[in-house]
Trainee: 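The structure follows.
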2 protein chains.
Amino acid sequence: MSYSPEHKARTRARIIEAARVLFNRHGFESISIEMIMAEADLTRGGFYNHFRSKEELFAVAVESFLTGRGATWRAEAGVDSGNITPHTAGAMIAGYLSPEHLADLDGQCPMIALPSDVSRRSPDVQLAYQTLLTAMVDLFETSLENSAEDARRQALVLAALCVGGMVLARTLPDSALAEDVRCAAHDAAQEIAGAGG
Amino acid sequence: MSYSPEHKARTRARIIEAARVLFNRHGFESISIEMIMAEADLTRGGFYNHFRSKEELFAVAVESFLTGRGATWRAEAGVDSGNITPHTAGAMIAGYLSPEHLADLDGQCPMIALPSDVSRRSPDVQLAYQTLLTAMVDLFETSLENSAEDARRQALVLAALCVGGMVLARTLPDSALAEDVRCAAHDAAQEIAGAGG
DNA sequence: TGTACATCAGTGAACGCGCGTTCACTGATGTAC
DNA sequence: TGTACATCAGTGAACGCGCGTTCACTGATGTAC
């Protein structure tokens, strides 16, 4: 035997984390495999011991948000032991549409950082993106189930507001306008989540 | 004298139109100057007679939506001779969040096709994007002014819903889910636009 | 406990390719006479 | 009307560079004895 399987798994995780951060900040095409491997303290050649292609890594990196920062958020919002209340949606909205999230270029949700990159890549990459959206929508839907007439539709609207508000705020160079958009989206989302059906 | 100034202006317009379509479909980085010039029936070298860089063309191409398809939309929605009514917002929402717009990869609004491309480029490019958003928000705001308490905030929410709903619908590989998102965003936006304050 | 060995994660050079930009040149055009 | 000329939009080769992927090799590791 050579190295332990755990050794390889740790290296793989390091590559994924480096890729997640670099892709989040600079997009898919601006980041090279060499940059990712260097960020993980490795050299170019070893990449293909862990992934079949750059695009496969992209899909894995996008989805890794769910088990990383995403899991932390969900825990903080109170998604533990299946105990989801109307308050959960409010907490998630407050975190997602927060100034901190807007400023966090490394840690932000890939749905905000990478929509047009993802829309032009393989179905596998798009499926990873869809997994993130589905997790968010399911959380909203469960949270609203007991108070809203049409919880699923409301959940979809909340997701569109969260992603749309943040995508616009991220892209506008006038930071006052960006803040206006973020605040307006936040307040409207809280109103929908609070008002129920 | 060599060619007429009109000749050069027409060539420039052809390059911009070719760039708008190709960028819309494939993004900034996947499209080369050679591809754009070929689409405009020209060769690579002449590009720099018209633009200082690929990025300058990108900004111009993004903004060109406003005087092209965007102007048609605004006219159809009834933004002529300053005659903007509450109905105008509804018509704009119906067109923006329509299945036809979702399917129109060439003609779609660059706010949907290119958000993450734009967010990583120069301030000039971001300003072009902001011009599109501002036009949309202003139209919504004017349309709501007489019926809504806080017309500007409502207008920002509508813009976030329009862009967010379409960005998600464009990126999701499950087309049934994409349709659900589009419909939910459309109905919610119409409700906000119709309900007023 | 100590040594020989097989494995395979990681290395770094190489392959083939395309890119944005520059530049010397060409040739269609409008003007001057 | 016809011709010589200056202009500059458009051409296509070249420059310097970086990319994704492949591959022969290395050397740290865990195991067998």
Side-chain angles (χ1 to χ4, degrees), chain A residues 1-23 25-62 114 117-118 120-125, chain B residues 1-23 25-62 114 117-118 120-125:
Chain A
M1 296 288 283
S2 60
Y3 298 76
S4 68
E6 290 77 22
H7 174 90
K8 185 168 185 182
R10 273 196 304 272
T11 302
R12 183 184 153 96
R14 245 166 55 221
I15 297 172
I16 294 169
E17 176 61 11
R20 190 192 57 73
V21 169
L22 288 172
F23 284 146
R25 206 177 253 277
H26 303 289
F28 179 74
E29 305 197 80
S30 295
I31 293 299
S32 66
I33 288 173
E34 176 147 49
M35 292 174 189
I36 294 167
M37 294 300 274
E39 181 77 15
D41 283 319
L42 293 163
T43 55
R44 171 151 78 263
F47 178 81
Y48 293 89
N49 289 337
H50 295 277
F51 302 96
R52 255 170 312 180
S53 66
K54 186 187 175 190
E55 194 147 348
E56 180 186 313
L57 170 60
F58 188 42
V60 172
V62 166
L114 301 165
D117 296 70
V118 169
R120 289 179 224 115
R121 304 247 77 87
S122 72
D124 281 358
V125 174
Chain B
M1 296 289 283
S2 58
Y3 298 75
S4 68
E6 291 76 21
H7 174 89
K8 184 167 186 183
R10 273 196 305 272
T11 302
R12 182 183 153 96
R14 245 166 54 223
I15 297 172
I16 294 169
E17 177 61 9
R20 189 192 58 72
V21 169
L22 289 172
F23 285 146
R25 207 177 251 277
H26 304 288
F28 179 74
E29 306 197 80
S30 296
I31 293 299
S32 67
I33 288 172
E34 176 147 49
M35 292 175 191
I36 295 167
M37 295 300 273
E39 182 76 16
D41 283 319
L42 293 163
T43 54
R44 171 152 77 264
F47 178 80
Y48 294 88
N49 287 339
H50 295 276
F51 302 96
R52 257 170 311 180
S53 66
K54 186 187 174 189
E55 193 146 350
E56 180 186 314
L57 170 60
F58 187 43
V60 173
V62 166
L114 301 166
D117 296 71
V118 169
R120 288 178 225 116
R121 302 247 78 86
S122 73
D124 280 359
V125 175

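Below, chain A is the first sequence line, B the second, and so on; all start at residue 1. Note that the coordinates shown come from a computational prediction; the quantities given were computed from them, not determined experimentally.
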Trainee: Please figure out whether A:Gly45 or A:Glu29 has its closest DNA chain D nucleotide nearer the 5' end.
Mentor: A:Glu29

Trainee: Would you indicate, yes or no, if D:dG10 has its OP1 or OP2 atom less than 4.0 angstrom from a side-chain nitrogen or oxygen of B:His50?
Mentor: yes

Trainee: Check whether NZ of the Lys or CZ of the Arg A:Lys54 lies under 6.0 Å from the centre of the six-membered ring of A:Phe28 and within 45 degrees of that ring's axis.
Mentor: yes

Trainee: Where the side chain of B:Thr11 is concerned, which of D:dG10, C:dG20, C:dG10 is the nearest nucleotide?
Mentor: D:dG10

Trainee: By nearest heavy atom, map B:Glu55 and A:Thr43 onto DNA chain C; which one lands nearer the 5' end?
Mentor: A:Thr43

Trainee: Quick one: B:Phe47 CZ to D:dG12 C1', roughly how many Å, whole number?
Mentor: 17 Å

Trainee: Would you state whether a donor and an acceptor, one from the side chain of B:Arg44 and one from the base of D:dT11, lie under 3.5 Å apart?
Mentor: no

Trainee: Check whether any side-chain nitrogen or oxygen of A:His7 sits under 4.0 Å from OP1 or OP2 of C:dG10, and answer yes or no.
Mentor: yes

Trainee: In dot-bracket form, how is DNA chain D paired, counting a Watson-Crick or G-U wobble pair only if both its distances are under 3.5 Å and using | for bases paired to another strand?
Mentor: .||||||||||||||||||||||||||||||||

Trainee: Once you round it to whole Å, what is the distance between P of D:dT29 and NZ of A:Lys8?
Mentor: 17 Å

Trainee: Reckon A:Ser2 has a side-chain N or O less than 4.0 Å from the OP1 or OP2 of D:dT29?
Mentor: no

Trainee: Mind calculating the distance between CZ (B:Arg10) and P (D:dC8) to the nearest angstrom?
Mentor: 17 Å

Trainee: Over how many whole Å does the gap from B:Ile15 atom CD1 to D:dA9 atom P extend?
Mentor: 11 Å

Trainee: Looking only at heavy atoms, what is the nearest atom pair of A:Asp41 and A:Arg14, with distance?
Mentor: O-NH2, 4.0 Å

Trainee: Roughly how many Å is it from OH in A:Tyr48 to P in D:dA24, rounded to a whole number?
Mentor: 17 Å

Trainee: Rounded off to whole Å, could you give me the CD1-to-C1' distance for the B:Ile36 and C:dT21 pair?
Mentor: 14 Å

Trainee: Is the phosphate of C:dG18 approached by B:Ser32 (side-chain N or O, under 4.0 Å from OP1 or OP2)?
Mentor: no

Trainee: Taking all heavy atoms of B:Ile36 and all of B:Ala18, pick out the closest pair and write down the distance.
Mentor: O-CB, 3.8 Å

Trainee: Could you report the tightest heavy-atom contact between A:Asp117 and A:Gly27, atom names first, then the distance?
Mentor: OD2-CA, 3.6 Å

Trainee: Would you say C:dG30 has OP1 or OP2 under 4.0 Å from some side-chain N or O of B:Ser4?
Mentor: no

Trainee: Hey, mind stepping through A:Glu55 and A:Asp124 against side chain to side chain contact (heavy atoms under 4.5 Å, CB included) and telling me if it holds?
Mentor: CA-CA 9 Å; A:Glu55 194 147 348; A:Asp124 281 358; over 6 Å; no

Trainee: Contact class for A:Met35 vs. all strands (heavy atom < 4.0 Å): base, sugar-phosphate, or nothing?
Mentor: sugar-phosphate

Trainee: What integer distance in Å separates A:Asn49:CG from D:dC25:C1'?
Mentor: 13 Å

Trainee: Compare every heavy atom of B:His50 with every heavy atom of B:Arg12, then report the nearest pair and how far apart it is.
Mentor: NH1-O, 3.3 Å

Trainee: Classify A:Leu57 by what it touches in the nucleic acid, base, sugar-phosphate, or nothing, heavy-atom distance under 4.0 Å.
Mentor: nothing

Trainee: Could you check how far NZ of A:Lys54 sits from P of C:dC17, rounded to whole Å?
Mentor: 19 Å

Trainee: Taking the side chain as C-beta and beyond, is there a heavy-atom pair between B:Glu17 and B:Arg20 under 4.5 Å?
Mentor: yes

Trainee: Want to settle it: does B:Tyr3 or B:Ile33 sit nearer the 5' end of DNA chain C, counting the closest nucleotide to each?
Mentor: B:Ile33

Trainee: By nearest heavy atom, map A:Gly46 and A:Glu34 onto DNA chain D; which one lands nearer the 5' end?
Mentor: A:Glu34

Trainee: Closest heavy-atom contact between A:Leu22 and A:Glu39?
Mentor: CD1-CB, 3.9 Å

